[in-house]
Amino acid sequence: MKLLRVGPVGQERPVVMDAAGDLRDIGEPEIDGAFFASGGVARVREALDAGRLPLVEGRGLRVGAPVARPGKVVCIGLNYRDHAAESGAAVPEEPVVFMKAANTVMGPDDEVLVPRGSVKTDWEVELAVVIGRTARYLTDREEALKAIAGYAISNDVSEREFQLERGGQWDKGKSCETFNPLGPWLVTADEVGDPQDLAMRLWVNGELRQDGHSKNMIFDVAEVVRYLSQFMVLEPGDVINTGTPAGVALGLPGQPYLRAGDVMELEIEGLGRQRQIVGQA
């Protein structure tokens, strides 16, 4: 099942995509933490199967992020061996964890802004996990996978100078305005199946830059969720960005970073496609 939100910024309407590719009004006020915590996914599935959801005219509508303002965005750094190598970093013995401001999350085709003073704005295609139930101190992989509502594409846009050359934590290179396009939809965990069997790609101005696969994660999805739950309470609607494969500008000598007018296109197998035109803040 594919859940999404369509409409102008701040006026998005929660819908579900049916088997024919048509949009149906799900009859819920929002797709957010409260929706997941109260069994919203099961309600929508039952109503969809019963044919009770009215058709929505979706042509020409903007697509917003599939989750409304997550409580937190937790990110895993250096989670692919090839990306760690191109970054000049050692392969981590435990997941590298950092946070990203929740207000970076936006629609999959919205404009990404190069921050003022930026010279190293970079791209990162990532598999995003959306939490569906409260998770603390999970004991095994099975518990971790049961805590997942679904998956989406995330572009973990990063400013490398802010992140790596300005002192302090990574967060300030990760939390600039518009730095987390998400979507186009949330695909429920049952439809995705094995999250470690997904091809992922990113193009800049039509040139393939990242061509990876989720099977190459150092710490797989189940371990990431289990691990994080030892250090923080994961709540319904939280988003976890699980890392990016090689091919970012940071790891490509001579590769220009993003500038206004550039176009990024991203896809992950079974999760749809994003396209962003880059602007200037």
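In this text the structure is predicted, and so the values were computed from the model without any measurement. In this chain, residues are counted from 1 in sequence order.
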>> Between Val225 and Leu138, does the side chain to side chain contact (heavy atoms under 4.5 Å, CB included) criterion hold? Intermediate values first, please.
In response: CA-CA 8 Å; Val225 174; Leu138 299 175; 3.9 Å; yes
> Any chance the side chains of Gln274 and Gln276 put a donor and an acceptor closer than 3.5 Å?
Replying inline: yes
> With distance as the sole test, does Gln11 use its side chain to make a donor-acceptor pair with the main-chain N or O of Gly7 at under 3.5 Å?
Replying inline: no
> Salt bridge between Arg45 and Asp190, side-chain N to carboxylate O under 4.0 Å?
Replying inline: yes
>> Between Asp194 and Lys215, does any NZ, NE, NH1 or NH2 come within less than 4.0 Å of an OD or OE carboxylate oxygen?
In response: no
>> Working to the nearest 0.5 angstrom, can you tell me the gap between Thr242 OG1 and Tyr80 OH?
In response: 5.0 Å
> Can you find a heavy atom in the side chain of Asp171 that is under 4.5 Å from one in the side chain of Lys100?
Replying inline: no
>> Within the structure provided, determine whether Val73 and Val105 are in side-chain contact (heavy-atom separation under 4.5 Å).
In response: yes
> Is any side-chain heavy atom of Met200 less than 4.5 Å from a side-chain heavy atom of Asn216?
Replying inline: no
> Is the backbone N or O of Val248 less than 3.5 Å from a side-chain atom of Asp122, with the two atoms forming a donor-acceptor pair by type?
Replying inline: no
> Can a donor-acceptor pair be found between the side chains of Asn241 and Asp156 at a distance below 3.5 Å?
Replying inline: no
> Do the non-hydrogen side-chain atoms of Val74 and Phe98 ever get within less than 4.5 Å of each other?
Replying inline: no
> Would a hydrophobic clustering, with Ile, Leu, Val, Met, Phe, Trp and Tyr connected at side-chain separations under 4.5 Å, put Val125 with Trp123?
Replying inline: yes
> Quick one: does Pro184's side chain get under 4.5 Å of Leu4's, heavy atoms only?
Replying inline: no
> So, for Ala34 and Ser38, which heavy atoms are closest and what is the spacing to 0.1 Å?
Replying inline: O-OG, 2.8 Å
> Is it the case that more than 12 heavy atoms not belonging to Glu177 sit under 6.0 Å from its CD atom?
Replying inline: no
>> The test is salt bridge (charged side-chain N to carboxylate O under 4.0 Å, His left out); show your working for Glu143 and Lys146 and say whether it passes.
In response: CA-CA 5 Å; Glu143 272 195 298; Lys146 288 177 182 177; over 6 Å; no
>> Is it the case that atom CD in Glu111 sees more than 12 heavy atoms from other parts of the structure closer than 6.0 Å?
In response: yes
> So, Arg259 versus Thr121: side-chain donor-acceptor pair below 3.5 Å or not?
Replying inline: no
> Is Glu265 salt-bridged to Arg201, going by a charged N under 4.0 Å from an acidic O?
Replying inline: no
>> Checking Glu30 against Arg5 for the salt bridge (charged side-chain N to carboxylate O under 4.0 Å, His left out) test, could you report, in this order, the C-alpha distance in whole Å, the side-chain angles of both residues, the deciding distance, and whether it holds?
In response: CA-CA 8 Å; Glu30 203 34 294; Arg5 299 165 63 248; 2.8 Å; yes
> Where the side chain of Ser229 meets the backbone of Ala135, is there a donor-acceptor pair that is under 3.5 Å apart?
Replying inline: no
>> Closer than 4.0 angstrom, basic N to acidic O: yes or no for Arg59 and Glu57?
In response: yes
> Is there a donor in the side chain of Glu94 and an acceptor in the side chain of Tyr227, or the other way round, less than 3.5 Å apart?
Replying inline: yes
> Could you go step by step and tell me if Phe36 and Val41 meet the side chain to side chain contact (heavy atoms under 4.5 Å, CB included) rule?
Replying inline: CA-CA 6 Å; Phe36 294 112; Val41 171; 3.9 Å; yes
> Distance from Asn180 atom CG to Asn103 atom CG, nearest 0.5 Å?
Replying inline: 10.5 Å
> Is the shortest side-chain N to carboxylate O distance from Glu235 to Arg133 below 4.0 Å?
Replying inline: no
> Are any of the side-chain heavy atoms of Ile76 and Leu228 separated by less than 4.5 Å?
Replying inline: yes
> So does Glu28 pair up with Arg43, basic N to acidic O under 4.0 Å?
Replying inline: yes
> Do the side chains of Val63 and Val187 join up, straight or via other hydrophobic residues, at under 4.5 Å, putting them in one cluster?
Replying inline: yes
> Just by distance, do the side chain of Glu12 and the backbone of Ala65 share a donor-acceptor pair under 3.5 Å?
Replying inline: no
> Trp203 ring centre to Arg273 NZ or CZ under 6.0 Å, with the angle to the axis within 45°?
Replying inline: yes
> Quick check: does any side chain N or O of Glu269 sit under 3.5 Å from a backbone N or O of Ala199, one acting as donor and the other as acceptor?
Replying inline: yes
> Is it true that a side-chain atom of Thr104 and a backbone atom of Ala101 form a donor plus acceptor pair closer than 3.5 Å?
Replying inline: yes
> Atom CG of Asp49 and atom CZ of Arg52: how far apart are they, to the nearest 0.5 Å?
Replying inline: 9.5 Å
>> Nearest 0.5 angstrom please: Ser154 OG to Leu266 CG, how far?
In response: 9.0 Å
> Pick from Asn155, Thr244, Asn79: which one makes a side chain to side chain contact (heavy atoms under 4.5 Å, CB included) with Glu126?
Replying inline: Thr244
>> Are the side chains of Arg275 and Ile277 in contact, using a 4.5 Å heavy-atom criterion?
In response: yes
> Sub-3.5 Å donor-acceptor pair from the side chain of Asn205 to the main-chain atoms of Val263, do we have one?
Replying inline: yes
> Between Lys2 and Glu191, does at least one N-O distance fall below 4.0 Å, as a salt bridge requires?
Replying inline: yes
> Ignoring hydrogens and geometry, is there a side-chain-to-backbone donor-acceptor pair from Arg24 to Leu53 under 3.5 Å?
Replying inline: yes
> Thr188 side chain to Gly150 main-chain N or O, any donor-acceptor pair under 3.5 Å?
Replying inline: no
>> Does either side chain, that of Lys174 or that of Ser158, offer a donor lying less than 3.5 Å from an acceptor on the other one?
In response: yes
>> With a 4.5 Å cut-off on side-chain heavy atoms, are Lys72 and Met99 touching?
In response: yes
> For Pro245, does its backbone N or O pair with a side-chain atom of Gln210 as donor and acceptor, under 3.5 Å?
Replying inline: yes
> Cluster question for you: counting only ILVMFWY and a side-chain heavy-atom cut-off of under 4.5 Å, with indirect links fine, are Phe219 and Met217 together?
Replying inline: yes
> How many angstroms lie between atom CD1 of Ile153 and atom CG of Leu182, to the nearest 0.5 angstrom?
Replying inline: 9.0 Å
> Taking NZ, NE, NH1 and NH2 as the nitrogens, is one of them in Asp220 or Arg141 under 4.0 Å from a carboxylate oxygen of the other?
Replying inline: yes
> To the nearest 0.5 Å, what is the distance between CG (Leu113) and OG1 (Thr178)?
Replying inline: 4.0 Å
